[in-house]
Amino acid sequence: MAIVNGLATGVSVSGISKSYGGTAALVGVSLVLEEGVSVLLGRNGAGKSTLFRILAGAERADAGVVARGGVILDGGETWREHRRRCGWLPQTTPLIRGLTVEEFLAYVAWLKEVPRSVVGERIDAVLAAVDLVDRRRSRMDTLSGGMLRRVGVAQALINDPGLVLLDEPSAGLDPVQRAAFHRFVRRIASERMVVLSTHLLEDVAAVGERVFVIDEGRIRFAGDVDELAVGEGDRTERLRAGFLSVIGEDGA
Amino acid sequence: MTAPVLVPWRRGWPLVVAVAVAQTAVLASWRTWVGSWPQTAAALGQVLLITGPVAAGVTAWVVRGERREGVRWLWKASSRPRSVPAFRLGAECALWAITGITLGSLVPLVWTAREAAFGRPGLWVWFPMAAGVLGVCLLGVVAGLGFRPVFAAAAAAVGIYGATVAALFIGDDVLAALSPYDGRTMFFYRVPAWIHALQGIWFVLAAAAVLVRFEGLRRASGFLAVAAGLAASPLLLVGWNDRRPDPEAMRFVCEIGPRVEVCLPQAKAHMLPEVAAAVDEFWTVADGLVEQGIRLVDDEAAGIGGFDEALGSLPEPQVDQVMLSAFTDLSAVSRLDRSQFLGDLVRWTVGDQRLDPTDTQPSRLPTPATPAHVLTRWFYERFDLPLDGSGWPGAPILDERVVDYTNVLDELRWLTGLSPEDRRGWFAEHRSQIMSGTLTFDAFN
């Protein structure tokens with residue numbers, strides 16, 4: 001294990017690159033994630049999900065390093081420990097037809113090596129957090145899209161992770177659910193790092209503290225949300241103007 | 001707390017049903033196992049040829065569903081060692097498949113328990129069977145992850161079936177040494193437990209090697225492959241000679257009837273009542289034609305170490321002793337085919353000449369009936385055996401399509417009209433001509 005000077009806390013990535021069949025998905029991406037809500041903002045195909053897969057330990061980068069708590073994740077055991085303390089909601093909600101919500105969460109808890117003695121209370125806690133207690137014994141394939149997304153969020157929290165990666169978590173939620181979701185994210189972010197990937201500026205405005213704009217596999221902006229907001233209008237409008245300016249789509 | 005089961009009953013039941021139905025259907029079509037424990041065990045091992053591909057196919061079908069629904073990403077983000085989630089899914093599917101095999105085995109086991117007169121259930125065969133199912137389910141996982149979802153199940157099933165058939169074609173002795181799939185007769189043999197154990201172990205190790213290699217773990221895969229090779233080596237060294245003769249199974253059990261004494265080895269003693277009944281039925285009809293007081297001995301085990309001792313332990317025969325192989329073949333069957341047995345007895349007594357004209361003169365059909373045809377037809381009618389060749393595999397065709405009986409109807413009527421006493425006398429008078437095939441129509445009056 002190696003120690004990265006100056007990275008005592010949080011998760012950082014440095015010089016991450018990833019290609020698929022010669023097409024670059026990420027090019028030299030570097031960023032630092034800290035407690036609170038960070039938002040990865042970008043167009044479809046910008047590289048958000050690829051970066052999340054690498055952060056979640058589900059895929060290896062072609063180049064670059066990921067560090068957590070100042071420790072470079074450079075071997076099986078460091079990655080394994082990182083995965084144990086990381087929760088991830090992929091862009092497509094994982095679904096196991098025929099399993100109940102409770103069974104699915106228990107299975108994910110097993111994948112994350114949550115001690116058996118606490119799995120029951122973790123399931124209780126995450127179901128309460130996503131307001132699905134009454135759906136505990138429902139089969140996953142009977143849930144609506146919005147409920148399924150909440151189950152996806154619940155599984156990302158089952159191991160009480162220090163880092164939560166939510167890839168477009170508000171997709172499929174109606175406005176009421178989205179408002180509740182924003183409150184939920186603010187709540188869980190009080191004690192852990194939460195990273196949201198989205199292309200919805202409404203999400204950034206509602207919950208974002210820091211924002212990383214990614215485009216064509218490169219980080220184009222990194223800073224506080226308010227630093228991205230430019231021009232006039234409400235916060236969402238100003239963020240939109242800033243975002244378009246950063247990615248060069250402001251008509252300039 | 002909810003057990004973290006990925007394939008609970010409500011998802012696993014298709015696997016149970018598919019395997020159980022396949023197993024039951026295949027075993028029901030075989031006649032080789034009823035009443036014999038070693039044969040039942042061998043049949044259960046052989047049926048893996050069908051249940052293995054079914055289990056692999058259904059497993060691949062389950063896995064391709066998980067893959068399509070994004071569960072594969074959860075596996076990749078798991079803190080468990082990389083291949084453990086896949087291995088676990090394979091193991092859970094295997095548990096259901098083994099449940100199906102167990103259910104599918106209940107009927108043959110209960111049936112054999114009811115009928116067997118010798119031996120005991122070969123429980124060790126369950127180990128390589130269960131291990132084989134686990135192995136094919138792991139390969140099913142690989143197929144489910146590696147092939148396009150629409151092809152995964154078919155690829156797994158066809159792949160496993162094709163590989164087994166190819167192994168059979170290339171070297172059935174190697175397949176028999178390495179797996180519980182063994183087409184040899186097992187009446188007079190035992191397979192040592194260590195062979196069953198190694199058959200299960202090497203295959204699971206080999207399948208696990210394929211799985212972890214698929215997951216990108218080269219070193220672990222290599223280690224498992226070497227371990228599989230080491231486990232398989234003793235089996236390959238022993239090879240075709242992995243069975244041990246069982247002298248107890250060869251010991252004779254006899255039934256002394258009013259006309260004939262029938263002796264079968266203990267391993268087939270459950271067939272004794274039906275063989276003795278068929279023999280008595282024939283001797284009653286053929287009264288006078290064949291000698292009374294004969295001893296028929298099943299010599300299927302001839303050539304196996306211990307057979308001569310078993311034969312020598314029979315009381316010195318006071319009458320002629322005839323080996324069953326002189327006129328019929330009861331090897332590798334555990335149920336008597338009455339029709340075939342009686343047909344073979346008729347052919348043995350009526351003469352050795354070829355009765356089936358299609359064998360010799362296909363261009364001149366129907367051929368005129370010979371005295372042997374008259375006698376054979378008469379016997380067949382008495383035993384209610386079909387003349388059209390449909391009675392058993394290899395039965396001669398003796399109906400009007402190939403034999404012209406129009407000129408011998410008087411002889412047939414005459415023979416049928418004889419009283420039992422007169423027929424006994426006629427048979428006794430012409431015995432040597434009948435049995436040598438030299439009988440002429442002059443004898444029918």
Side-chain angles (χ1 to χ4, degrees), chain A residues 49 52-53 55-60 76-77 79-124 136-137 139-141 148 152 155-156 159 161 165 167, chain B residues 1-17 58-93 95-96 141 144-145 149 152-153 212 215-221 223:
Chain A
S49 294
F52 267 31
R53 285 198 289 270
L55 280 169
E59 212 162 44
R60 288 192 174 190
E77 199 47 49
W79 270 112
R80 189 175 172 186
E81 181 57 27
H82 168 69
R83 290 190 193 105
R84 198 178 284 138
R85 295 187 293 131
C86 176
W88 174 39
L89 170 65
Q91 191 173 18
T92 304
T93 308
L95 165 65
I96 304 181
R97 292 178 191 280
L99 283 198
T100 64
V101 170
E102 182 180 38
E103 287 167 340
F104 173 69
L105 293 173
Y107 179 66
V108 178
W110 176 81
L111 288 174
K112 291 291 186 181
E113 297 183 275
V114 176
R116 287 197 71 164
S117 57
V118 301
V119 169
E121 63 190 66
R122 286 303 306 156
I123 291 174
D124 292 341
R136 187 183 189 111
R137 298 192 200 289
R139 282 172 51 160
M140 289 186 77
D141 44 352
L148 206 54
Q155 65 81 28
N159 52 335
L165 306 167
D167 196 349
Chain B
M1 205 275 294
T2 304
V5 175
L6 185 56
V7 190
W9 165 249
R10 79 182 80 91
R11 302 186 76 214
W13 71 263
L15 193 48
V16 177
V17 171
V58 179
T59 300
W61 178 73
V62 170
V63 175
R64 74 99 177 82
E66 317 301 14
R67 178 178 159 211
R68 198 173 56 186
E69 306 292 1
V71 178
R72 180 84 165 130
W73 287 117
L74 289 183
W75 289 7
K76 289 190 171 190
S78 167
S79 55
R80 301 271 176 189
R82 205 184 307 171
S83 56
V84 167
F87 192 91
R88 178 181 175 140
L89 178 55
E92 287 190 26
C93 289
L95 273 178
W96 290 121
V141 171
L145 295 175
V212 300
E215 292 286 326
L217 302 170
R218 290 188 180 194
R219 274 182 63 186
S221 174
F223 174 78

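Here is how names work: the chains are called A, B, and so on, in the same order as the sequence lines, proteins then strands, and each is numbered from 1. What you see is a predicted model, and the numbers here were worked out from it, not measured in a lab.
- The backbone N or O of A:Ala56 sits nowhere less than 3.5 Å from a side-chain atom of B:Lys76 that would complete a donor-acceptor pair.
- The pair A:Glu103-B:Arg10 meets the salt-bridge criterion, since a charged nitrogen lies less than 4.0 angstrom from a carboxylate oxygen.
- Within 6.0 Å of atom CH2 in B:Trp13, 12 or fewer heavy atoms from other residues, nucleotides or ligands are found, so the atom counts as exposed in its surroundings.
- Ranked by heavy-atom pairs under 4.5 Å with chain A, the list B:Pro8, B:Pro81, B:Ser78 is led by B:Ser78.
- Here the closest heavy-atom approach between residue B:Val71 and residue A:Ile96 is recorded as CG2-CG1, 3.4 Å.
- Using a 4.5 Å cut-off between heavy atoms, A:Arg122 makes no contact with chain B at all.
- Here the rule is side-chain hydrogen bond (donor to acceptor under 3.5 Å, both in side chains) with B:Ser79, and of A:His82, A:Lys112, A:Arg80, A:Glu113 only A:Glu113 fits it.
- Neither the backbone nor the side chain of B:Arg72 comes within contact range of chain A, judged by heavy atoms closer than 4.5 Å.
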Exercise for review: For the pair B:Leu74 and A:Phe104, evaluate side chain to side chain contact (heavy atoms under 4.5 Å, CB included) and give the outcome as yes or no after the intermediate values.
Suggested key: CA-CA 11 Å; B:Leu74 289 183; A:Phe104 173 69; 3.9 Å; yes
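- Neither the backbone nor the side chain of A:Arg85 comes within contact range of chain B; no heavy atoms are under 4.5 Å apart.
- Crowding of B:Trp75 atom CH2: a count of heavy atoms from other residues, nucleotides or ligands under 6.0 Å exceeding 12.
- Heavy-atom distances place the side chain of A:Glu59, and not its backbone, under 4.5 Å from chain B.
- Contacts between A:Gln155 and chain B at a heavy-atom distance below 4.5 Å involve the side chain alone, from C-beta outward.
- Taken to the nearest 0.5 Å, the CZ atom of B:Arg80 stands 13.0 Å off from the CZ atom of A:Arg83.
- When every heavy atom of A:Trp88 is checked against every heavy atom of B:Ala77, the shortest pair comes out as CE3-CB, 3.7 Å.
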